[in-house]
2 protein chains.
Amino acid sequence: MEVQLQIKMNEKLFLRDPEQTELGKKIIQHSVELIHKNGFESFTFKKLAEEIESTEAGIYRYFENKHRLLIYITAWYWGWVQYCVVFKTNNIKDPAVKLKKVIQLLATTVVDDDKTLHINEDLLHQIIISEGSKAYLTKHVTEDNKEQLFKPYKDLCGVIADIILECSPKYKYPRSLASTIIEMAHFQIFFMNNLPSLTDFGKTKDELKVVSFLEDLVFNSIRKK
Amino acid sequence: MEVQLQIKMNEKLFLRDPEQTELGKKIIQHSVELIHKNGFESFTFKKLAEEIESTEAGIYRYFENKHRLLIYITAWYWGWVQYCVVFKTNNIKDPAVKLKKVIQLLATTVVDDDKTLHINEDLLHQIIISEGSKAYLTKHVTEDNKEQLFKPYKDLCGVIADIILECSPKYKYPRSLASTIIEMAHFQIFFMNNLPSLTDFGKTKDELKVVSFLEDLVFNSIRKK
DNA sequence: TTTAAATGATAGTAATACTATATCATAGAA
DNA sequence: TTCTATGATATAGTATTACTATCATTTAAA
């Protein structure tokens with residue numbers, strides 16, 4: 001049996017749903033590749049259009065602008081991560097084991113998931129590490145947030161916060177710790193690879209050390225005292 | 001006696017030293033104000049030139065482009081923070097007290113420092129919170145890093161890591177914990193104000209709660225077990 | 001088969017991110 | 001006093017970016 005995964009996206013993220021058409025899927029697929037290759041700053045709809053042999057105007061029918069496309073991509077990613085978290089922690093009783101699974105999922109290389117054909121999750125993971133925070137670090141966060149554009153991120157944070165509370169019902173900062181885990185899983189990887197002296201993993205560049213650091217950080221914070 | 005603070009900057013950060021001329025100082029001062037007001041994305045040298053009643057070409061003589069200017073501003077900020085850290089922790093014996101001072105310095109509102117006349121440190125602090133990471137989240141981090149453009153950030157991280165080691169000589173992740181403190185001091189403040197459900201401080205919007213969270217996180221990690 | 005939706009082709013505009021060059025004021029050295 | 005280097009002003013021009021608009025054509029659902 002073949003299963004296909006579809007992540008339901010907020011309709012405000014796009015002008016026309018890219019999942020519904022061939023062109024739409026090509027836009028997402030090649031956006032991920034282009035942003036991965038050249039970075040978000042030098043990414044333009046013109047270049048994307050050339051890549052997929054369509055036109056700039058064609059892409060503007062799907063997304064208002066490239067920033068909205070970035071929000072779409074990150075929202076998709078967080079939705080997908082939440083699916084993975086729920087899937088991988090299913091049937092696990094011990095919340096501490098769940099939390100470890102989550103940390104590992106966030107901080108280690110992603111294996112491309114065949115359930116979504118047009119999206120390369122490994123590239124996407126790398127994009128989110130270096131471009132993800134640009135989705136919300138803007139002057140218009142508040143309005144974007146009102147449109148619920150960051151809901152998948154906030155939902156994931158909520159799921160992780162709940163696991164933290166399962167581990168330690170009296171812990172006072174479950175949400176802040178959850179967002180810290182998410183952000184630091186990515187930032188420490190970025191630093192390790194690009195500004196290694198900001199970490200203790202520069203020599204080996206081993207993602208598993210980031211996992212160890214985060215586990216140490218998290219479990220020392222939430223354990224009973 | 002009046003003391004004037006000058007932060008020595010890496011010469012590769014600029015084409016002409018803005019500290020040395022009136023126009024240069026105006027560029028820095030009004031950049032901070034404009035970026036604070038409209039965000040880095042919509043900031044252009046043209047608008048800046050209009051603001052200071054000079055010309056675009058004039059500004060290009062000081063900075064290669066607006067991204068270099070952002071790196072300059074952030075580098076200046078980290079240099080200044082390091083000066084504050086050293087100053088405020090001077091003569092304190094207890095490293096735990098030092099570390100608390102550092103956390104407070106990073107996470108709470110900055111009082112404008114009269115020692116630097118043309119720079120408003122409070123605005124600058126707010127800019128760094130929302131724009132600071134854009135300085136290094138680029139495709140050219142590695143080259144920029146080779147030119148030592150991020151040295152002030154890395155030095156500050158080193159200073160904090162040393163304090164952590166004073167507290168707990170056997171702690172395994174002093175640098176990663178230091179960069180986590182720095183980043184989270186800023187991100188949690190940003191989240192608290194803009195995406196409050198990612199934190200536990202949304203209702204009160206009280207910076208001191210961010211301080212408490214970070215202290216809890218840090219001291220549980222480094223205390224002897 | 002009709003017809004609406006999706007796409008493609010083309011054109012145009014305002015703003016952005018620069019580069020180049022020529023002039024001018026002034027302050028210190030010869 | 002003159003020369004020269006430095007900093008500032010003024011103007012002009014280019015390639016690219018970030019869009020918007022229009023119209024023709026293909027495709028796919030009713």
Side-chain angles (χ1 to χ4, degrees), chain A residues 9 11-31 34-35 37-73 118 131 134-135 138-140 143-144, chain B residues 9 11-31 34-35 37-73 118 131 134-135 138-140 143-144:
Chain A
M9 303 292 289
E11 300 207 343
K12 286 184 178 148
L13 283 165
F14 47 75
L15 299 172
R16 176 175 301 171
D17 188 352
E19 294 281 345
Q20 298 304 316
T21 67
E22 275 313 303
L23 180 60
K25 284 181 207 167
K26 268 173 114 180
I27 288 173
I28 301 303
Q29 183 196 339
H30 287 85
S31 292
L34 264 184
I35 295 174
K37 194 174 160 207
N38 305 317
F40 183 65
E41 273 70 40
S42 83
F43 169 79
T44 68
F45 280 1
K46 184 114 191 255
K47 291 176 191 166
L48 176 59
E50 278 158 25
E51 197 77 10
I52 61 183
E53 284 169 319
S54 176
T55 59
E56 228 183 327
I59 296 160
Y60 275 105
R61 281 199 205 96
Y62 284 82
F63 293 98
E64 252 179 273
N65 53 53
K66 71 172 188 165
H67 188 258
R68 280 281 160 133
L69 198 161
L70 180 67
I71 300 184
Y72 178 92
I73 285 174
H118 61 293
E131 319 289 353
K134 294 172 192 168
T138 67
K139 271 283 154 183
H140 44 88
E143 296 96 79
D144 290 351
Chain B
M9 303 293 288
E11 300 208 343
K12 288 185 177 147
L13 283 166
F14 47 75
L15 299 172
R16 177 174 299 169
D17 188 352
E19 294 281 345
Q20 298 304 315
T21 67
E22 275 314 302
L23 179 61
K25 285 181 206 166
K26 268 174 114 180
I27 288 173
I28 302 302
Q29 183 196 338
H30 287 86
S31 292
L34 265 184
I35 295 173
K37 195 175 159 207
N38 305 317
F40 183 65
E41 273 70 40
S42 84
F43 169 78
T44 70
F45 280 1
K46 185 115 192 254
K47 291 175 190 166
L48 176 59
E50 278 158 26
E51 197 77 10
I52 61 182
E53 284 168 321
S54 176
T55 60
E56 226 183 329
I59 295 160
Y60 275 105
R61 266 193 237 98
Y62 284 81
F63 293 99
E64 251 179 272
N65 53 52
K66 70 173 189 165
H67 188 257
R68 281 280 160 134
L69 199 161
L70 180 68
I71 300 183
Y72 178 93
I73 285 174
H118 60 292
E131 319 288 354
K134 295 172 192 167
T138 67
K139 271 283 155 184
H140 45 89
E143 297 96 78
D144 289 352

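Because only heavy atoms are used, hydrogens play no part in the values below, and waters and symmetry mates are left out as well, while side chains stay in. Residue numbers begin at 1 in each chain, while the letters A, B, ... track the order of the sequences.
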**Student:** Mind checking if K66(B) touches a base, just sugar-phosphate, or nothing, with heavy atoms under 4.0 Å?
**Tutor:** sugar-phosphate
**Student:** Mind checking if E64(A) touches a base, just sugar-phosphate, or nothing, with heavy atoms under 4.0 Å?
**Tutor:** sugar-phosphate
**Student:** For E143(A), look at atom CD and say whether over 12 heavy atoms of other residues, nucleotides or ligands are found less than 6.0 Å away.
**Tutor:** yes
**Student:** Using a cut-off of 4.0 Å on non-hydrogen atoms, how would the nucleic acid contact of Y62(B) be classed: base, sugar-phosphate, or nothing?
**Tutor:**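 Sugar-phosphate, backbone atoms only, no base.
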**Student:** Checking contacts here: which listed nucleotide (dA6(C), dA10(D), dT10(C)) is nearest the side-chain heavy atoms of T55(A)?
**Tutor:** dT10(C)
**Student:** Has E11(A) got more than 12 heavy atoms of other residues, nucleotides or ligands less than 6.0 Å from its CD?
**Tutor:** no
**Student:** Ignoring the backbone of Y60(A), work out which of dC19(D), dC23(D), dA10(D) is nearest its side chain.
**Tutor:**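 Of dC19(D), dC23(D), dA10(D), dC19(D) is nearest to the side chain of Y60(A).
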**Student:** Rounding to a whole Å, what distance do you find between R68(B):CZ and dC18(C):P?
**Tutor:** 12 Å
**Student:** Whole angstrom is fine here: how far is it from CD1 in I52(B) over to P in dT9(D)?
**Tutor:** 9 Å
**Student:** When the nearest nucleotide of DNA chain D is assigned to G24(B) and to A57(B) on a heavy-atom basis, which residue is associated with the more 5' position?
**Tutor:**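 Upstream on the strand: G24(B).
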**Student:** Pick base, sugar-phosphate or nothing for R61(B), based on heavy-atom distances below 4.0 Å to the nucleic acid.
**Tutor:** base
**Student:** Mind calculating the distance between CD1 (I59(A)) and P (dA9(C)) to the nearest angstrom?
**Tutor:**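 Roughly 13 Å, once rounded to whole Å.
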**Student:** Among dT17(D), dT16(C), dG7(D), which nucleotide sits nearest the side chain of K47(A)?
**Tutor:**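 Among the listed nucleotides, the one closest to the side chain of K47(A) is dT17(D).
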**Student:** Quick one: do the T21(B) and Y62(B) side chains pair a donor with an acceptor below 3.5 Å?
**Tutor:**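 Short answer, yes.
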**Student:** Checking contacts here: which listed nucleotide (dC18(C), dC19(D), dA9(C)) is nearest the side-chain heavy atoms of E56(A)?
**Tutor:**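 So the side chain of E56(A) is nearest to dC19(D).
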**Student:** Name the residue closer to the 5' end of DNA chain D, choosing between S54(B) and N65(A) according to the nucleotide with the nearest heavy atom.
**Tutor:** S54(B)
**Student:** I need the single residue from L23(A), I28(A), I27(A) that forms a side chain to side chain contact (heavy atoms under 4.5 Å, CB included) with P18(A). Which is it?
**Tutor:** I28(A)
**Student:** Taking OP1 and OP2 of dT7(C), is either one under 4.0 Å from a side-chain nitrogen or oxygen of R16(A)?
**Tutor:** yes
